[in-house]
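Since the structure is predicted, the reported quantities are computational estimates derived from the model, not experimental observations. Chain identifiers are assigned alphabetically (A, B, ...) following the order of the sequence lines, protein sequences preceding nucleic acid strands; residue numbering begins at 1 within each chain.
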Number of protein chains: 2
Amino acid sequence: MRAVDIIEKKRDGKELSPAEINFIVHGFTRGEVADYQMSALLMAIFLRGMSHQEIIALTHEMLHSGIVMDLSHLNRPRIDKHSTGGVGDKTSLVIAPVVAAAGISVPMISGRALGHSGGTLDKLEAIPGFRVNLSLAEYRRTLDQIGVALIGQTAEIAPADKQLYALRDVTATVPCQPLMAASIMSKKMAEGITGLVLDVKTGSGAFMQQEADAIALAKIMLGIAAGLHTDAVALVTDMNQPLGVAIGNALEVMEAFDTLKGKGPQDFNTLCRELSAEMLLMGRAAENIERARALYDEMISSGQAVDKMRQIIETQHGNPQVLDDYQLLPQAQNQTAVLAQQTGYVQMINTAAIGQASMLLGAGRLRLDTQIDFGVGVMMNAKLGDKVDQGAPLLTLHFNAASQVEEASAIINAAYQIGEARLEPPALIKTVLR
Amino acid sequence: MRAVDIIEKKRDGKELSPAEINFIVHGFTRGEVADYQMSALLMAIFLRGMSHQEIIALTHEMLHSGIVMDLSHLNRPRIDKHSTGGVGDKTSLVIAPVVAAAGISVPMISGRALGHSGGTLDKLEAIPGFRVNLSLAEYRRTLDQIGVALIGQTAEIAPADKQLYALRDVTATVPCQPLMAASIMSKKMAEGITGLVLDVKTGSGAFMQQEADAIALAKIMLGIAAGLHTDAVALVTDMNQPLGVAIGNALEVMEAFDTLKGKGPQDFNTLCRELSAEMLLMGRAAENIERARALYDEMISSGQAVDKMRQIIETQHGNPQVLDDYQLLPQAQNQTAVLAQQTGYVQMINTAAIGQASMLLGAGRLRLDTQIDFGVGVMMNAKLGDKVDQGAPLLTLHFNAASQVEEASAIINAAYQIGEARLEPPALIKTVLR
């Protein structure tokens, strides 16, 4: 078998066999297939697409390029959630303790912030002492102890994906649905899960601005899960405005804690409730979706969710007192409001721009090596459909260095569209694909 | 400017600007654009195509990646011929001396054999002592002295093409007309020519089996020539059977010498005459094509063409006595005939297979580092439309090592289609594009 023949086959729109995909992926990770051959193949895949069988084979090979955790000794359902990323999306910090509190294992390997979108790991690291860089042995031990672990990608998990992503990033082959789906699913499958709930975002702050693209990606991922014998469900959800009101790491941690205590923003709580209910249903902790939602409510109202969060923080070396005293979290030194320039209703929000403004203040990273300022961020004062008066705050910047405030304010002002008519805000849950 | 943005643009089917093409080609040759980025771009070009303006810009940048010879001091037309390659195509060995004898400069930088197709340089090297690896200074001096020089590619000529071709070869991006045309034209333009006659082959022994593809490639090359202000004409010619009867380096040299003496095979002489006439017309050595053909005939019949060939061989360090005594050329030790297995007319010849059989005997190279055996090859006894009797020779193998004879014979038997009906052989010159 030769790499050039496999490239030619895909170039001509033909279907690659599982053996050919095996040859390419393993040859690439072993350095036998050159990066310039892989990048030509990636471009051919971008422009020619991949069949259902090809995508399953690709995911399978990427998954088995590294360690696949076997957590079967836990003897209970192991369910994770994956979101395609957005602005203000701190659902993992609520879902993981809620679902674990209800007796389902939650093995969760998450990512970091990049560009306008935040990352679960950075949010967790805003908690003083919290360690996300656990080894796989520690990950397994934590799951054994408390039924949940929140860690970062390790070098042993799907190394082919890491190598492939680095190449895609510099060859304009990132936004390719088969490659995106295989990347996500290979990492998630390696966690040791029995089921996965997918939150596929669409809208102005999402990777997929068009709902049709989000649905297409969701269907590919569900196809992979079915092909690899893993339960999965996908919620296509709205990202035409930030989720909740907090954007920025410590600010989002506080909002997640509030939500665990039953006093979070309504939209954010609703999404956490729906995603958790799907996980609980998949894990057979409830008979139907209504009972699963009631179980979520119960975990919150009884305090079990907060208790589980306390346990998580303790076990992962953080200071659990932050749950009671938010002053222990990093705080920005300064605040300033961005004011509405006219009276009217908020009709549209360029959500990616809000994420970028927050990143500019230091909450995110433009490049992988940017240092994050955990205390800074943005608090939303007005969301879609809200009435605002000229001069009233649209949102509040929490910042330390003043140097980026002017640019962030300008970006935010341009991101809000205010008009005379009140437009109905988009539905939060657009569709559920099973 | 960033390479990834340029790749993305082409990926999405947009037209690259001359500045972007400059950035990419020069960045690549300087090592600033990575080979994995260039290969992704090459695949995007393969699948998305290139506009007329893009192809001209690409050729221009490849051309100017190295030395562009200035031969204007010669003060006369400088015309070369380029063939897209075939089996038994030794036209350069006739055309160069004929056209130079008629007073036109012929600066000719040629290639080597690869795969089933032969190469002018290898044929010339079958002449004892003949040197094709002249420096560009020697090339210039030879042109000054005798009005013609036959040399190989040097590292100074279009180095971007060499680097690009090496990458295309391993990334399945060779058969891409815009890239092929830019590759050919950038090298030819660098020779210092004022005009170029293109022989674009089509048929079972050609790179382009379909005539429509050959015409398309010819048109792209003519477009480049026009864009870069160089005279050009393209003949689309038949390669559904080997040209002449000799295939193999020394065998082809003898056939070329015979043709220079007016006793070559009719089809081969006809093609040499047409190509030479176009060069003579382009160089204004004749007023019209009929007079140009008559001038070709005159150069042959007067002995001036043979004299010029003698001068070329002498000047390039070869032994000119080979023109009078073919025994001085390398000879294979053995001959064996491949016999017709049935009586009938030769209806079809898989010409690439004949080239492959000759290569197997040692006349060509499968890889760039294969050593060529100059004496071996194939002599055709039956061509398209010929009647053959069962047991009569289809062709004769000239070989040294017996080990490859069986496989070569089998390939040749499978390459001939003999049937009851006599089919009209295809026209040699299919179309002339100006």
Subject >> Separation of B/M38 CE from A/S39 OG (nearest 0.5 Å) >> reply: 11.0 Å
Subject >> Smallest separation among heavy atoms of A/D35 and B/Y36, with atom names >> reply: OD2-CD2, 3.4 Å
**OP:** Would you indicate whether B/Q210, at its atom CD, is surrounded by more than 12 heavy atoms from other residues, nucleotides or ligands within a distance under 6.0 Å?
**Re:** no
**OP:** Evaluate whether atom NZ of A/K430 has more than 12 neighbouring non-hydrogen atoms of other residues, nucleotides or ligands under 6.0 angstrom away.
**Re:** yes
**OP:** Answer with side chain, backbone, both or neither: which region of A/R2 has an atom nearer than 4.5 Å to a non-hydrogen atom of chain B?
**Re:** neither
**OP:** For residues B/V170 and A/I7, report the shortest heavy-atom separation together with the two atoms involved.
**Re:** O-CD1, 3.9 Å
Original post:
Can you tell which of A/T173, A/L47, A/L167 has the highest number of heavy-atom pairs within less than 4.5 Å of chain B?
Top reply: A/L47
Subject >> Nearest-0.5 Å distance that lies between atom OG1 in A/T171 and atom CE in B/M43 >> reply: 12.0 Å
Original post:
Between the side chain of A/R11 and the main-chain N/O of B/A172, is any donor-acceptor distance below 3.5 Å?
Top reply: yes
**OP:** For atom NZ of B/K219, decide whether the heavy atoms of other residues, nucleotides or ligands shown that lie under 6.0 angstrom number more than 12.
**Re:** no
**OP:** Of all the heavy-atom pairs spanning B/V4 and A/D169, show the shortest one and how long it is.
**Re:** CG2-O, 3.7 Å
Original post:
In this structure, are over 12 heavy atoms from other groups packed under 6.0 Å from B/K9 atom NZ?
Top reply: yes
